[in-house]
Amino acid sequence: MKNKYFWNTIAGLLNASEAIFLCMFTNRITGLSDSGILTVAFSIGNLFSSIGRWGIRTVQVTDGGEFSFKDYSNARKISISVQILSSFIYILAYLAVAGCSLIKTYVMIVMSLIYASEIIEDTFWGHFQKFGHIETGAKIFILRWSVIIISYGIILYATHSIVLSITVAAILSFVVLYFALKRTWIPYKQMKEKYKHAEKDILRRCFQIMITSFLSFYIINAAKISVDANLGSKEVAIFGFISMPIFGVNLLSGFIYNPQIVDYSKDLFAKRWKTYRKRVAIQLLAIVVITIISLIGVDLIGIPILNFIYAVNLYPYKQALMILMLASGCYAVTTFLSTTLVIEKKPRYALIAFTVASIFSLFIYKPLIAFNGINGVALGVFFVMLVNAAVSLGFEIYSQYRLAHGKGRW
């Protein structure tokens, strides 16, 4: 178990740091404008990766053997196709409306392809986790992103070309993934599972989860896209730097509950309501504690560390950074509760919460940017996350009440 936690933790840390490393190299070698391009590319790649994931991972891990790997794999082939098509359409529309450069357009497209390779990886990772080997997928993730980061940095240093660097990194992402899966899949080749031709059923079952995940990423990345549209590439780079820690609390929270997802599911299936409620309550308390500790740490050393990483003066944005850390706690609450609602077979509740927050975000970012620039958009992120967390918590309490009183579907 310790081995699983260790590798999953390292993978989680790398997942939170991948954009930091690439932007750090870019800002030091080619400057703020290219960092802004990369920040927007990461935002759009993350946004549309939620379509490729389609919310399948949690269902795949907790389905109790209902569907085979081939069912999930074929479902992911469809979702990845939709991901690539929709991201390309969005990027071309962004080019037409915002008038961004061809270089920015190309980098966004290539980043979307890197995330497509990640969805392929996630399909196998879910299967590994389902059979008690979450660490196998974690090791592949670590290897793949390490190669991406190192190759990108070396080529950028040698050529000063963000286009060439991201292109080689994307190619290596697929190459490393292919050979890693070829090696690790050997023990699973002879596993007998009944293929049920259930691709469409899986996609239908997970559709609400996918929409919820898409809205989740939209809420986070809409702020960066708004800054890019209203202020410019340099400003979006700065906002990207100070918003990196927004994933911190959620990351640390995930280290605690992600390896326990199967246990959550087992408690519900066995109708151990008190045990399940205790798990949820302890996790929410853990998020509060992590948020407080993170706020103290960021207040003391956050800006100096970011200044060192990105080689730029971020002291004028300390207030925005603190606000974003509060938003990080709210985001962690929302992410955790959206997972429990899926386990409770109430994904529509999470969908409603994210829809409310997304609609709210449509009206808040632009006026706050006009009012107070980057500090204003940070405040907008906090308000959006707070609304989302409050609505999600209300639905979680309601869902648990219905389950405990025999009005749910478990």
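Note that the coordinates shown come from a computational prediction; the quantities given were computed from them, not determined experimentally.
Under the 4.5 Å side-chain criterion, counting only non-hydrogen atoms from C-beta, Met385 is not in contact with Phe382. Side-chain contact between Ile89 and Phe48 is absent, with no heavy-atom pair separated by less than 4.5 Å. Put simply, the side chain of Phe128 does not reach to within 4.5 Å of the side chain of Ile134, judged on heavy atoms. Leu164 has its side chain within reach of Thr159: a pair of non-hydrogen atoms, C-beta onward, lies under 4.5 Å apart. Counting only heavy atoms from C-beta outward, the side chains of Ser392 and Tyr349 never approach each other to under 4.5 Å. When side chains are defined from C-beta on, Asn388 does not count as touching Cys330, because their heavy atoms never get closer than 4.5 Å. Looking only at side-chain heavy atoms (C-beta outward), Glu121 and Phe141 come within less than 4.5 Å of each other. You'll find the side chain of Phe217 stays beyond 4.5 Å of the side chain of Ile51, heavy atoms only.
In terms of heavy-atom proximity, Ala198 sits nearest to Asp71 at N-OD1, 2.9 Å. Listed here is the closest heavy atom pair of Val312 and Asn307: O-OD1, 2.7 Å. Heavy-atom minimum distance, Ile290 versus Leu252: CG2-CD1, 3.6 Å. The two residues Pro347 and Thr212 make their nearest non-hydrogen contact at O-OG1, 4.0 Å. Heavy-atom minimum distance, Gly126 versus Val61: O-CG2, 3.7 Å. Of all the heavy atoms in Ile219 and Ala357, the pair that sits closest is CD1-CB, 3.6 Å.
In this structure, Lys130 NZ and Phe67 CZ are separated by 9.0 Å, a value rounded to the nearest 0.5 Å. Between the CG atom of Leu14 and the CD1 atom of Ile20 there is a distance of 10.5 Å, given to the nearest 0.5 Å. To the nearest 0.5 Å, atom CD1 of residue Ile109 and atom CD1 of residue Ile91 are 5.0 Å apart. For the atom pair CG of Asn27 and CG of Leu32, the computed distance is 4.5 Å after rounding to the nearest 0.5 Å. Once rounded to the nearest 0.5 Å, the distance linking NZ of Lys274 with NZ of Lys278 reads 11.5 Å. Here the CD1-OG distance, from Ile309 to Ser17, works out to 8.5 Å after rounding to the nearest 0.5 Å.
Looking only at atom types and distance, the side chain of Trp273 has no donor-acceptor partner in the side chain of Gln400 under 3.5 Å away. Ser173 and Ser117 are linked by a side-chain donor-acceptor pair at a separation below 3.5 angstrom, with hydrogens and angles left out of the test. Remark: the Tyr106 side chain and the Thr167 side chain contain an N/O donor-acceptor pair separated by less than 3.5 Å. Side-chain contact of Glu396 with Thr340: a donor-acceptor pair under 3.5 Å is present, judged by distance alone. Counting only N and O atoms by type, the side chains of Tyr115 and Asn46 include a donor and acceptor under 3.5 Å apart. In the model, His127 has no side-chain atom that pairs as donor or acceptor with a side-chain atom of Gln129 under 3.5 Å. Judged purely by distance below 3.5 Å, without hydrogens or angles, the side chains of Ser253 and Asn250 never pair a donor atom with an acceptor atom.
At distances below 3.5 Å, at least one donor-acceptor pair connects side-chain atoms of Gln260 with backbone N or O atoms of Ile256. A donor-acceptor pair is defined here as one N or O able to donate and one able to accept, closer than 3.5 Å; such a pair exists between the side chain of Ser151 and the backbone of Ile148. A donor-acceptor pair under 3.5 Å is absent between the side-chain atoms of Ser213 and the main chain of Ile209, judged by distance alone. Within the 3.5 Å criterion, the main-chain N or O of Trp7 finds no donor-acceptor partner in the side chain of Glu135. Under a 3.5 Å cut-off, the side chain of Ser265 and the backbone N or O of Ile261 do not form any donor-acceptor pair. Side chain of Thr39 to main chain of Ser35: a donor-acceptor pair is present (N/O by atom type, distance under 3.5 Å, no hydrogens or angles).
Applying the side-chain hydrogen bond (donor to acceptor under 3.5 Å, both in side chains) test to pairs two or more places apart or on separate chains, none has a residue in residues 350-363.
Residue-environment remark: CZ (Phe131) exceeds the threshold of 12 foreign heavy atoms within 6.0 Å. For OH of Tyr178, the number of neighbouring non-hydrogen atoms (other residues, nucleotides, ligands) closer than 6.0 Å is 12 at most. In Ile103, the CD1 atom is not crowded: 12 or fewer heavy atoms of neighbouring residues, nucleotides or ligands sit closer than 6.0 Å.
Checked against the 6.0 Å centroid threshold, Tyr152 and Phe25 do not count as a close aromatic pair. For Tyr257 and Phe336, the ring centers sit closer than 6.0 Å to each other. Ring centroids of Phe124 and Phe69 are separated by less than 6.0 Å, placing the two rings close together.
A side chain to side chain donor-acceptor pair (under 3.5 Å) with Asn221 is found for exactly one of Ser43, Ser243, Ser216, namely Ser43. Tested against Lys77, the residues Ser79, Ser81, Ser73 include a single side-chain contact (heavy atoms from CB on, under 4.5 Å) partner, Ser73.
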Arg144 and Glu118: CA distance, side-chain angles, deciding distance, salt bridge (charged side-chain N to carboxylate O under 4.0 Å, His left out) verdict: CA-CA 9 Å; Arg144 187 176 59 83; Glu118 189 157 306; 2.9 Å; yes
Steps toward side chain to side chain contact (heavy atoms under 4.5 Å, CB included) verdict (Glu344, Leu403): CA-CA 8 Å; Glu344 294 160 19; Leu403 286 169; 3.7 Å; yes
Residue pair Arg53, Met210: steps toward the side chain to side chain contact (heavy atoms under 4.5 Å, CB included) verdict: CA-CA 7 Å; Arg53 297 180 196 281; Met210 182 274 289; over 6 Å; no
CA sep, side-chain torsions, deciding dist, call: Leu321, Leu306, side chain to side chain contact (heavy atoms under 4.5 Å, CB included): CA-CA 10 Å; Leu321 176 60; Leu306 291 176; 4.0 Å; yes
Trace of the side chain to side chain contact (heavy atoms under 4.5 Å, CB included) decision for Ser49 with Ile119: CA-CA 7 Å; Ser49 73; Ile119 309 308; 4.2 Å; yes
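Considering only residues two or more places apart in sequence or on other chains, Thr291 meets the side-chain contact (heavy atoms from CB on, under 4.5 Å) condition with Val249, Ile287, Leu295.
Checked for salt-bridge contact, Arg76 and Glu199 miss the test: no charged N lies under 4.0 Å from a carboxylate O. No salt bridge links Lys224 with Glu235; every basic N to acidic carboxylate O contact stays at or beyond 4.0 Å.
A cation-pi arrangement, defined by a distance under 6.0 Å to the six-membered ring centre and an angle within 45 degrees of its axis, is present between Arg57 and Trp125. Geometrically, Arg28 does not engage Tyr310 in a cation-pi contact defined by less than 6.0 Å to the ring centre and at most 45° from the axis.
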